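One structure is given here, and the rest of the page talks about it.
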Amino acid sequence: MISTSGTDVNSSSNDPPKSLGEEERVFFRKALLKWYRLNARDLPWRKTRDPYAILVSEMMLQQTQVATARDYYERFLKRFPTVRDLAAADETDVLTAWAGLGYYRRARLLHAAAITISEKHAGDFPASLDLLRALPGVGDYTAGALASFVFDTPAALVDANVSRVFARLHALCEPTKTSSSKKHLWKWAEELLSRRQPRLYNNALMELGALVCTPANPRCVQCPVISVCRAHASGLVTRLPVLPATIAPVPLYYAGVALVCGEKLFLRQISEGGWHAGMWEFPKFSCETLPTKPPRALRNFVHSLTPHYAFEVQPHDFRYSVTHHRITLRMWIVRVDPESTPACLPEGEWLTMQNLKNRPLPSPQKRIGKWVAQHALMDSLP
DNA sequence: TACGCGTGGGA
DNA sequence: TTCCCAAGCGT
C-alpha cells in the first residue's frame, strides 16, 4: 500500500532548477559563516581534530540524530581510544558498545575501516578523498565530511540537512532522492563550497539545516540567507523538499519468553541473515496475530529446556519498529526450578544480569531485560 | 537502482 | 497515540 505525503508542488514549468549567480554565492558563503560563528552548537566532535574520533562521530551520525549519538560517542571513545584499539577489538565488544544505536552494520563497517587503516595505512589516516571513500562504510557524504572536517580540504558534501537547505534555496520541485536531484544537489554543493574555509563552511551548512532550515516549522525569520532563498520568495518553504511516497507500516507479532532460573536468564544469539544478526535476545516466535496465550512453539521450546517450569499468567507487551515494520512482542515470564538443571541449547546461554551487560542487545531487548529484572529478579538485585 | 537496515525525540 | 524523519551505506 503506497500513500503519498504532501501535495504535489505544481511545477507547471519543467525548467531545471538553476544555480545561484556568482554574487548570490558570495553572499551565501559570507552570511552563512557569519551566522555559524554566532550560533554553532558546542558538540564534542567539533572540539577535536583527531581523525579517528571524527570517523567514529561520522559513522554514528549516519541517519542518527545528534542528541542520540552524543553519549554513545563519548562512551565508545573511552572504550576504544585509538584506531588500533578498535582494530584489535572483538566484534562482539564493538557491537556491545554500539548496542542501542541501531543500524548495526555501521558498527561492523567502522570496525572494518579501523582494521583497514591499521593494516593497509599503517595506522595513518588516509588524506585523499579517493582513499577515504574506499574505506568500509564511507560513502560520498562521509568522504566529504572527513576530508573537510579532518584535513580542511575543499570537499563538498550532501546529507539530509544540505539536501533540505538546497532544495529550498533553489526551489527544487522534485524529490531530493532521485538521481537527477542528487546531481543538482552535488553540483550546488561544489559551486557554493567555500574554498577558503571548507571545514567551517560545511559545518555551517549542516548546522543551518539542523537549527533553522528544519523539516517542520523552519525558522525563516532567523535565516541568514533568506534574501537568496527561492522557496521563500515563491512561498514554497513549507512544501519543500518534496518527500517521496511513504510505505505503509506492516504490523508483525511475536510471542517471547523470559526464562528465569534463580538469578539467570536464558538468552540466545540471533542467527545471521535477519534483523539484529549476531546480537542477543530473549527467545521469540513469530505469530499471525497477537497471541492471547503462549503459542505451541513457545511452550515446546520451554519444555525442551526443562519439564520443571511455571508460566506467570500476565504477559507484557513491547512495541518497536524496524524500518517500516511495526512490531508487537508479547512477553511471558517463565520460572524454572533451579534444582532441575535446565538444558542449554547450542545457540543460547543462561546469563546473569551482569553477564548480560557484555552482550550486544538491541534496544527492545534491553528494555525487556530491565522489565524482567524488576518483575522477576527482585531478590537477586543488589 | 531501489530497497533494507534501528532508534528515539519531537510535533 | 501516531507519524515523521535524522550527519547514509551497501547491495
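Just so it is clear, the model here is predicted, and its values are computed rather than measured. Per chain, numbering begins at 1; letters A, B, ... match sequence-line order.
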Please name the pair of heavy atoms, one in [X] and one in [Y], separated by the smallest distance, quoted to 0.1 Å.
| X | Y | answer |
| --- | --- | --- |
| V165(A) | G209(A) | CG2-CA, 3.7 Å |
| P218(A) | R168(A) | CB-NH1, 3.8 Å |
| S181(A) | T176(A) | CB-O, 3.6 Å |

(request) Report yes or no: is there a donor-acceptor pair, N or O only, under 3.5 Å between the side chain of T64(A) and the base of dG8(C)? (result) no
In terms of side-chain heavy atoms of [X], which of [options] is nearest?
| X | options | result |
| --- | --- | --- |
| A210(A) | dC5(C), dG6(B), dA7(C) | dA7(C) |
| R106(A) | dG6(B), dG8(B), dA7(C) | dG6(B) |
| Q63(A) | dG10(C), dT7(B), dG6(B) | dG6(B) |
| R105(A) | dG8(C), dA7(C), dC5(C) | dG8(C) |
| S321(A) | dA7(C), dG6(B), dT7(B) | dT7(B) |
| S179(A) | dA7(C), dT1(B), dG6(B) | dT1(B) |
| L61(A) | dA7(C), dT7(B), dG8(C) | dA7(C) |
| N217(A) | dA11(B), dG8(B), dC9(C) | dA11(B) |
| S363(A) | dT7(B), dG8(C), dC5(C) | dT7(B) |

Measuring only the [atom1] atom in each nucleotide, how far is [N] from [M]? A whole number of Å is fine.
| N | M | atom1 | answer |
| --- | --- | --- | --- |
| dG9(B) | dC9(C) | P | 24 Å |
| dT1(B) | dT11(C) | C1' | 10 Å |
| dA7(C) | dC5(B) | P | 22 Å |
| dG8(B) | dT1(C) | C1' | 15 Å |

Side-chain heavy atoms of [X] within contact of [Y], under 4.5 Å:
| X | Y | value |
| --- | --- | --- |
| L20(A) | H170(A) | yes |
| W188(A) | L193(A) | no |
| V336(A) | V260(A) | no |

(request) Specify the residues of residues 269-284 of chain A, ordered by number, for which at least one heavy atom lies under 4.0 angstrom from an atom of DNA chain C. (result) none
Can you tell me the distance, in whole Å, between the [atom1] atom of [X] and the [atom2] atom of [N]?
| X | N | atom1 | atom2 | answer |
| --- | --- | --- | --- | --- |
| Y141(A) | dG10(C) | OH | P | 14 Å |
| L211(A) | dA6(C) | CG | P | 14 Å |
| I368(A) | dG6(B) | CD1 | C1' | 15 Å |
| L243(A) | dC4(C) | CG | P | 9 Å |
| L101(A) | dA7(C) | CG | C1' | 13 Å |
| M59(A) | dA6(C) | CE | P | 19 Å |
| R108(A) | dG6(B) | CZ | P | 9 Å |
| M60(A) | dC9(C) | CE | P | 16 Å |

Would you classify [X] as touching base, sugar-phosphate or nothing, given that sugar-phosphate means primed atoms plus P, OP1 and OP2, and contacts are heavy atoms under 4.0 Å?
| X | result |
| --- | --- |
| L110(A) | nothing |
| W98(A) | nothing |
| V162(A) | nothing |
| G100(A) | sugar-phosphate |

Between [X] and [N], is there a side-chain N or O to OP1/OP2 distance below 4.0 Å?
| X | N | value |
| --- | --- | --- |
| Y104(A) | dT7(B) | yes |
| R164(A) | dA6(C) | yes |
| Q62(A) | dG8(C) | no |
| R326(A) | dT2(C) | no |
| T142(A) | dC9(C) | yes |

(message) Tell me whether Y320(A) shares a hydrophobic cluster with F285(A), the cluster being built from Ile, Leu, Val, Met, Phe, Trp, Tyr side chains joined at under 4.5 Å.
(response) no
(message) Can you tell me if H184(A) has over 12 outside heavy atoms packed within less than 6.0 Å of its NE2?
(response) yes
(message) Tell me if the NZ atom of K370(A) is crowded by more than 12 foreign heavy atoms within 6.0 Å.
(response) no
N/O donor-acceptor pairs under 3.5 Å from side chains in residues 49-63 of chain A, not counting sequence neighbours:
unit_1: R49(A); atom_1: NE; unit_2: F149(A); atom_2: O; d: 3.4
unit_1: R49(A); atom_1: NH2; unit_2: V150(A); atom_2: O; d: 3.4
unit_1: D50(A); atom_1: OD1; unit_2: Y52(A); atom_2: N; d: 3.1
unit_1: Y52(A); atom_1: OH; unit_2: F80(A); atom_2: O; d: 2.7
unit_1: S57(A); atom_1: OG; unit_2: I54(A); atom_2: O; d: 2.8
unit_1: E58(A); atom_1: OE1; unit_2: Y141(A); atom_2: OH; d: 2.8
unit_1: Q62(A); atom_1: NE2; unit_2: G137(A); atom_2: O; d: 3.3
unit_1: Q62(A); atom_1: NE2; unit_2: T142(A); atom_2: OG1; d: 3.1

(request) Please figure out whether A216(A) or Y320(A) has its closest DNA chain B nucleotide nearer the 5' end. (result) Y320(A)
(request) Find which nucleotide of DNA chain B each of H325(A) and K182(A) is nearest to by heavy atoms, and output the residue with the more 5' nucleotide. (result) K182(A)
(request) Map N161(A) and L109(A) onto DNA chain C by nearest heavy atom, then report which one ends up closer to the 5' terminus. (result) N161(A)
(request) Find which nucleotide of DNA chain C each of F149(A) and P249(A) is nearest to by heavy atoms, and output the residue with the more 5' nucleotide. (result) P249(A)
